[in-house]
Amino acid sequence: MTKPNLLSGMQPSAASLHLGNYLGALTQWVAMQDQFNAFYVIVDLHAITVPQDPKLLLENTRRTAAQYLAAGLDPDKSSLFVQSHVPAHAQLAWVLNCITGFGEASRMTQFKDKSQKGGADNSSVGLFTYPILQAADILLYQPTAVPVGEDQRQHLELTRDLAMRFNSRYGETFTIPKAEILKETAKIYDLQVPTAKMSKSAHDPKGLINLMDEPAQITKKIKSAVTDTDGDIRFDRENKPGISNLLGIYSALTGEPVAKIEAGLSGSGYGTLKAEVADAVVAALEPIRTRANELLEDPAELDRLLAKGAASANQTAEKTLKAVYANLGLVTPV
Ligand code: ATP
Ligand code: LTN
């Protein structure tokens with residue numbers, strides 16, 4: 001039986017992914033590779049909707065790819081590729097731009113948030129049409145499932161609306177995709193501000209654990225994590241956010257339920273909890289960092305793996321784009 005298709009995407013926006021990206025998204029993507037024919041795209045064309053330093057964009061795209069491969073995305077099972085290597089993304093985006101209402105695009109809250117921060121005059125038209133390019137990313141691969149965080153729900157709704165609109169105007173062309181919202185329980189918080197989600201835009205780098213951090217750095221950050229003064233190792237997100245975050249990280253990494261971890265550590269101090277969490281994080285991330293660095297030392301091999309992903313993605317994407325053009329009434333070139 002053929003497996004259903006799946007697509008997800010990530011921006012190449014930092015030199016390192018963080019523990020939240022890893023536990024909240026990446027480990028779930030890795031787990032989904034067996035049940036699905038998965039396409040994972042590094043969206044460099046989305047990244048340029050805001051100003052980018054070309055050198056950093058180039059470096060971060062390779063670094064992002066290396067970390068995904070190192071964490072277990074298997075190029076023999078899934079297609080990992082760079083968006084700009086598959087021209088059909090930009091081509092389908094144009095078509096979808098032409099069936100999206102101006103008001104409809106104006107209602108996207110991510111654009112409103114991002115453009116308010118930078119001021120309307122500093123926002124590009126590309127940022128405005130970002131969700132339409134995202135719809136193209138998805139619809140080209142006819143996926144049934146699109147695993148994303150809660151913040152992407154509105155973009156997925158737009159994608160579904162555009163797919164249904166195109167199908168009803170021009171005939172069945174697209175599979176209607178469904179958002180698979182990633183587990184809220186896998187949410188990781190900042191070590192210094194444990195009520196805020198761990199984010200690469202954190203003000204204090206001490207709150208952020210990067211996949212590419214050295215073990216000593218990781219241990220130091222966990223040992224200086226903010227806790228509380230009551231001395232109890234107990235999960236209570238509201239009153240004990242720091243301890244709850246450490247327990248959540250420990251549980252996500254070891255697969256042990258929080259209650260069992262609490263019981264095992266009853267009577268111990270916060271120092272013991274921190275030491276155990278630090279060991280678990282280092283043990284999980286060290287092989288990933290090592291493998292990612294190996295891949296980065298051999299850019300030719302990395303580029304070869306990305307070319308293999310792009311070849312497979314191009315095949316599927318081209319087929320969809322051909323059907324779209326034909327159904328629209330564009331003359332097929334001989
Ligand atoms: P930023 O750091 O700018 O807020 P981000 O780190 O959230 O960005 P994204 O590219 O938006 O990164 O997210 C990539 C994936 O990682 C998404 O699926 C998102 O849900 C997940 N993710 C991001 N941060 C966390 C977190 N703290 N805990 C769990 N999952 C997270
Ligand atoms: N907008 C998404 C990244 C993204 C994406 C996609 C996710 C671009 N294209 C297609 C899923 C499917 C984000 O900011 N996380």
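Remember, it's 1-based here, ligands and their atoms both numbered in the order they're listed.
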- For G24, counting its heavy atoms only, list the atoms of ligand 1 lying under 4.0 Å from any of them. 29 (C), 30 (N)

- Task: Could you tell me if the ring centre of F174 sits under 6.0 Å from that of F166?
- Result: yes

- Heavy atoms under 4.0 Å from ligand 2: which residues qualify? L7, S8, G9, V43, H46, Y130, Q134, D137, I138, V146, V148, Q152

- Under 3.5 Å side-chain donor-acceptor pair for D137 and H89: yes

- For L182, the ligand 1 atoms whose distance to one of its heavy atoms is below 4.0 Å: 18 (O)

- So between N245, D151, I249, N21, whose heavy atom ends up nearest atom 21 (C) of ligand 1? N21

- Item | Polar contact flag, side-chain donor to acceptor under 3.5 angstrom, T61-D44 | no

- Could you check whether the rings of Y141 and F81 sit parallel, tilted or perpendicular, using 30° and 60° as the cut-offs? tilted

- Item | The single option from K206, R289, K221 passing salt bridge (Lys or Arg N to Asp or Glu O under 4.0 Å) against D213 | K221

- So how far is it from N21 CG to Q67 CD, rounded to the nearest 0.5 Å? 9.0 Å

- K187-ligand 1 polar pair, N/O distance under 3.5 Å: no

- Message: Under 3.5 Å between any N/O of M198 and any N/O of ligand 1: does that happen in this structure?
- Response: yes

- Query: At what distance is the nearest protein heavy atom to atom 27 (N) of ligand 1, and which residue and atom is it?
  - Reply: I188 O, 2.7 Å

- Distance col, row Q110:CD vs D151:CG, nearest 0.5 angstrom, shows 6.5 Å

- Determine, considering heavy atoms only, which of K197, M10, K200, Q28 sits nearest to atom 7 (O) of ligand 1. K197

- Indicate whether the side chain of T316 and that of Q142 have a donor and an acceptor atom separated by less than 3.5 Å. no

- Nearest non-hydrogen protein atom to atom 6 (O) of ligand 1, with distance, is H18 NE2, 2.7 Å

- Message: Counting non-hydrogen protein atoms only, what is the nearest one to atom 20 (O) of ligand 1? Give residue, atom name and distance.
- Response: G149 CA, 3.5 Å

- For the residue pair H155 and Y130, does the interplanar ring angle fall in the parallel (under 30°), tilted (30 to 60°) or perpendicular (over 60°) class? tilted

- If you measure from each non-hydrogen atom of L23 to ligand 1, which part falls under 4.0 Å: side chain, backbone, both or neither? neither

- Does the E157 side chain pair with the main chain of R153, one donor and one acceptor, at a distance under 3.5 Å? no

- Verify atom 15 (C) of ligand 1: protein non-hydrogen atom under 4.0 angstrom away: yes

- Message: In the structure I gave you, are the side-chain heavy atoms of R62 and L296 within less than 4.5 Å of one another anywhere?
- Response: yes

- Can you tell which of A202, A252, G20, S199 gets a heavy atom nearest to atom 31 (C) of ligand 1? G20

- Taking the six-membered ring for Trp, is the centroid-to-centroid distance between Y250 and F235 below 6.0 Å? no

- Any N or O on A25 sitting closer than 3.5 Å to an N or O of ligand 1? no

